Structures are given as C-alpha cells and as structure tokens.
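Below is one structure, written out as structure tokens; comments come after it.
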2 protein chains.
Amino acid sequence: MKNIKPRLIRLFKEGYCTPQISKIAKEIKEPSTTIHYNIKKLEEEGAIRTYKAVFDYKKIDEGFCVYLFIKLTAKAGAYPDRIVGELAKYEKVESADLLAGEWDMILKVRTEDQDEFYDLLKSILAREGIEKTTSLISLRQVKTEFVLL
Amino acid sequence: MKNIKPRLIRLFKEGYCTPQISKIAKEIKEPSTTIHYNIKKLEEEGAIRTYKAVFDYKKIDEGFCVYLFIKLTAKAGAYPDRIVGELAKYEKVESADLLAGEWDMILKVRTEDQDEFYDLLKSILAREGIEKTTSLISLRQVKTEFVLL
DNA sequence: TTCAATATTTGAATTTTATTCAGATAGGCA
DNA sequence: TGCCTATCTGAATAAAATTCAAATATTGAA
C-alpha cells in the first residue's frame, strides 16, 4: 500500500488540475478551439491563478473550521504585511485577510479537531507581535470556495 | 466577439475542471494508472467535491471582499438552516457558515466595489428574520481557497 | 497461522481530449 | 475606407485519460 491519498490531497489543494475544454465547449455550444483560445487568454492575463480540487473537508480530517481574529501589538501593527504573510503560509490556513478596525487580520483555519486547532493557536500566540486573538467556531459549513456543501 | 469570458468564469467557479493525472504521476513518481485509481476512489468516497478555478478576483471584477456577520431574530434564529441555505445560493457569496455566539452566521462576499456590496446588503436586510449585521472589509487578501495571492 | 475474499497496483491497448497551426472573420482606430 | 490586431475556427497532430486484465498486497475470519 502506497498511501497515495495524502499526497494527492496536498497537490490538489493548490493545483494539479486543468480545464475540461470539451465539456465546456459542449455546455456553452462553441467550438473547443474557441474555448481553448479564451481560456489561454484568461491564464495569460493572470485572471486565473490555478485549477484545484474542493474537498468535503470532514472526509479528509479537516472538519473543524474556525475564523480566527488577530490583533497585533502597536509596534507590529504598523507593518502587518510581514506577519500576515507568514501566517498565510501555514498549511491549515485556508484564507488570510488584513482588516480595518478592531482586528488587524482574519484567518480561516481548518483542522481535524479542537485539539489540533489549539496547537495551531498556541503556535500563533507564541509569535512576536500578536496582542490578542478571538476565535469563532463554525457550527456548520454551508458553502465554501463558491461550492455548496 | 462572442463574450466567452463571463461564461467561462461562471462555469469555472464551481467546476468544469479535472485532475492532471500525468503531471501528478510525474510529481509523485508513481504510474499514472495508480494515480487514476486513487483519484477515482477519492471521488467515489465523496472526499473530492469538485475541481474548479481560483481567480485573481481583482481581475474579474470581484476585488471588493467583505466578511458579513448576521444576527437573526429570535424567531428565525431557532431555524437558521433555511436562511443560511438561501443566502449561500447568492452568486457573490463565496462561503457561508453558521456560528455559535453573538452572531448566527458569517458570509464571505465578493463584489466589484462598495456600491455593488451595498446593493447586496440591502437585499439581505430586506429579508424576514434578519435582526442586524456588521461588515468587515478586507483591506488586503493574502490567501484565499488555500492559494497565496 | 492459513487462506479466501477484497483492495490496490500496474502495463498495454484503446479512446478521448488538448493543442497546434493556418486561414478566416471581426473589431478597433486613424 | 483601409490597415492592424484580436478573435474565431476546422483539420491535423500530439498528449492524455480511461479501460481492462492480470499481478500483487491487504484484510479478516476460521
């Protein structure tokens, strides 16, 4: 047994997929070469970043989903880009945004369970520049990445 | 000019993509038929929901991104599933979750600009069962859908 | 432990699909 | 109008996915 599954999941989270030109051509009733031309143009413009899979996250041990708000210290808050860039690199962070107002950033985080989330939270709190955080636990994920679950 | 672009974007938001089996096989150094078998299994298990594109949303007129918190009235709050299900269907809603605590749900919304967001907000507020909302505007999107921007 | 049922892996053959390319058409602009 | 560029498209080619049958590995019950 080669344990291919986790390796597939890792690759599919960010890419290793491609458009189905012939299906699209059938759907919108245009020649496949026309579809091909238009897709390449979108890719060259940079409008399309990548093609990836969307998972039923409960089935890949990432069913625990939290919105994590972070407030930076006055010093770190002057240059939030570096910190948010580092936190965004965490594998379990689905999205990361800088905000205006009481909280400096919001992370959407997926872990297997509460324990794994707590480990992640501790590693974030241990960093320089974090003043405080608050966590909103998702009770039910109804839509994600534009896909209804 | 056939204006293919918006139709492609609509299809790519939820699907019309497929895995690149040969690229994956090369990457993880296994035969492509083995990769094929394992992917089909993930699909049959329901672990993979779909394959889709991730956009540079600024380049497809969806650069304005807001986290919208919603509190339901006492009456509607007893059965939040119906309302969140309806709101999740909005094309401009990227994600929708039910929460515990002060707010009953959080939507991640993408519009072209503030004006379009305000129109969407008005149409949400006009619904039965919405008690109050608050909006957190993303100043900078660093990561989305597990993809660094 | 044995062994039979089931799951996984794999190469070869086939089918499907993407890609290339050259010519046609349409659109933008001076 | 006429020229330049962008878009569209069919035919030919190249690349990739899929099927299938056989080999190997794993699981679970006796």
Side-chain angles (χ1 to χ4, degrees), chain A residues 1-63 91 112-113 145-148, chain B residues 1-63 91 112-113 145-148:
Chain A
M1 223 270 226
K2 295 196 154 183
N3 206 22
I4 306 282
K5 180 173 168 178
R7 290 186 274 171
L8 288 178
I9 291 171
R10 203 172 318 119
L11 295 180
F12 278 153
K13 269 205 185 169
E14 295 183 55
Y16 286 90
C17 298
T18 192
Q20 287 184 294
I21 293 177
S22 69
K23 281 238 177 67
I24 295 168
K26 219 166 285 175
E27 173 68 24
I28 70 184
K29 298 185 177 63
E30 300 290 352
S32 68
T33 45
T34 302
I35 301 302
H36 183 270
Y37 172 83
N38 279 275
I39 290 175
K40 290 304 155 203
K41 201 158 79 77
L42 281 173
E43 292 173 358
E44 282 156 22
E45 285 170 4
I48 293 175
R49 294 282 318 196
T50 191
Y51 306 96
K52 59 157 287 179
V54 176
F55 299 97
D56 185 334
Y57 291 95
K58 275 179 284 197
K59 294 191 176 159
I60 62 165
D61 297 334
E62 299 187 15
E91 195 186 323
E112 181 173 3
D113 54 28
E145 296 160 86
F146 291 105
V147 178
L148 286 164
Chain B
M1 222 269 227
K2 293 196 156 184
N3 206 22
I4 306 281
K5 180 173 168 178
R7 290 187 273 172
L8 287 179
I9 290 171
R10 205 171 316 120
L11 295 180
F12 278 152
K13 270 206 184 167
E14 295 183 54
Y16 287 89
C17 299
T18 192
Q20 288 185 296
I21 293 178
S22 68
K23 282 240 177 65
I24 295 168
K26 218 167 286 174
E27 174 67 24
I28 70 185
K29 297 187 178 64
E30 300 289 353
S32 68
T33 45
T34 302
I35 301 303
H36 183 268
Y37 172 84
N38 280 275
I39 290 174
K40 290 304 153 203
K41 198 157 82 76
L42 281 172
E43 291 172 0
E44 282 156 21
E45 287 170 2
I48 292 175
R49 293 282 319 194
T50 192
Y51 306 96
K52 59 157 287 180
V54 176
F55 299 97
D56 185 334
Y57 292 95
K58 274 178 285 195
K59 293 190 177 159
I60 62 165
D61 297 333
E62 300 188 15
E91 194 185 325
E112 181 174 2
D113 54 28
E145 296 159 86
F146 291 105
V147 178
L148 285 164

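The sequence lines fix the lettering, A, B, ..., with proteins before strands; numbering per chain opens at 1. Small disclaimer: the values here were computed from a predicted structure and weren't measured.
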Would a 4.5 Å heavy-atom cut-off, applied to side chains only, mark B:K5 and B:I9 as touching?
yes

With under 30° as parallel and over 60° as perpendicular, where do the rings of B:F12 and A:Y51 fit, or are they tilted in between?
perpendicular

Testing D:dT9, D:dT19, C:dT9 for proximity to the side chain of A:T33, the answer is D:dT9

Could you tell me how far apart A:K40 (NZ) and C:dT19 (P) are, to the nearest whole angstrom?
5 Å

Verify, without hydrogens or angle tests, whether A:K2 (side chain) and B:E30 (backbone) share a donor-acceptor contact under 3.5 angstrom.
no

What's the angle between the local helix axes at either end of the helix from C:dT1-D:dA30 to C:dA30-D:dT1, using five pairs per end and rounding to 10 degrees?
50°

Between P of D:dC8 and NZ of A:K41, the distance in whole Å
8 Å

Given C:dT8, D:dG10, C:dT10, the nucleotide with the shortest approach to the side chain of B:E30:
C:dT10

Residue-phosphate contact under 4.0 Å: A:K2 side-chain N/O, C:dT9 OP1/OP2
no

Whether A:Y57 and B:F146 hold their rings parallel, tilted or perpendicular, with breakpoints at 30° and 60°
tilted

Student check: side-chain heavy atoms of B:T34 and B:N38 closer than 4.5 Å:
yes

So the salt bridge (Lys or Arg N to Asp or Glu O under 4.0 Å) pairs with at least one residue in residues 8-25 of chain A (sequence neighbours excluded) are A:K13-A:E62

From the options C:dT9, C:dT19, C:dT8, select the nucleotide whose nearest atom is closest to the side chain of A:H36.
C:dT19

Okay, side chain of B:K52, backbone of A:E145: is any donor-acceptor separation there less than 3.5 Å?
yes

Side-chain donor/acceptor of B:R49 to backbone N/O of A:L148, under 3.5 Å
yes

To the nearest angstrom, the CD1-P distance between B:I35 and D:dT18 comes to 13 Å

Would you call B:E43-B:K40 a salt bridge at under 4.0 Å N-O?
yes

Can you find a side chain N or O atom of B:Y37 that sits less than 4.0 Å from OP1 or OP2 on C:dT9?
no

Just the rounded figure in Å: distance from P of C:dT9 to NZ of A:K5.
13 Å

Side chain to side chain, A:I39 and B:I4, heavy atoms closer than 4.5 Å:
no

Spacing of A:E43 atom CD relative to C:dT19 atom C1', expressed in whole Å
12 Å

Rounded distance (Å) that lies between atom P of C:dT9 and atom CE of A:M1
7 Å

Would one find a side-chain N or O of B:T34 under 4.0 angstrom from OP1 or OP2 of C:dT10?
yes

Rounded to the nearest angstrom, tell me the gap between atom CG in A:N3 and atom P in C:dT9.
9 Å

So which one's nearest nucleotide on DNA chain C is more toward 5', A:Q20 or B:N38?
B:N38

What residues in residues 21-28 of chain A put a non-hydrogen atom under 4.0 Å from any atom of DNA chain D?
none

Between P on C:dT20 and CD1 on A:I39, what's the gap in Å once rounded to a whole number?
13 Å

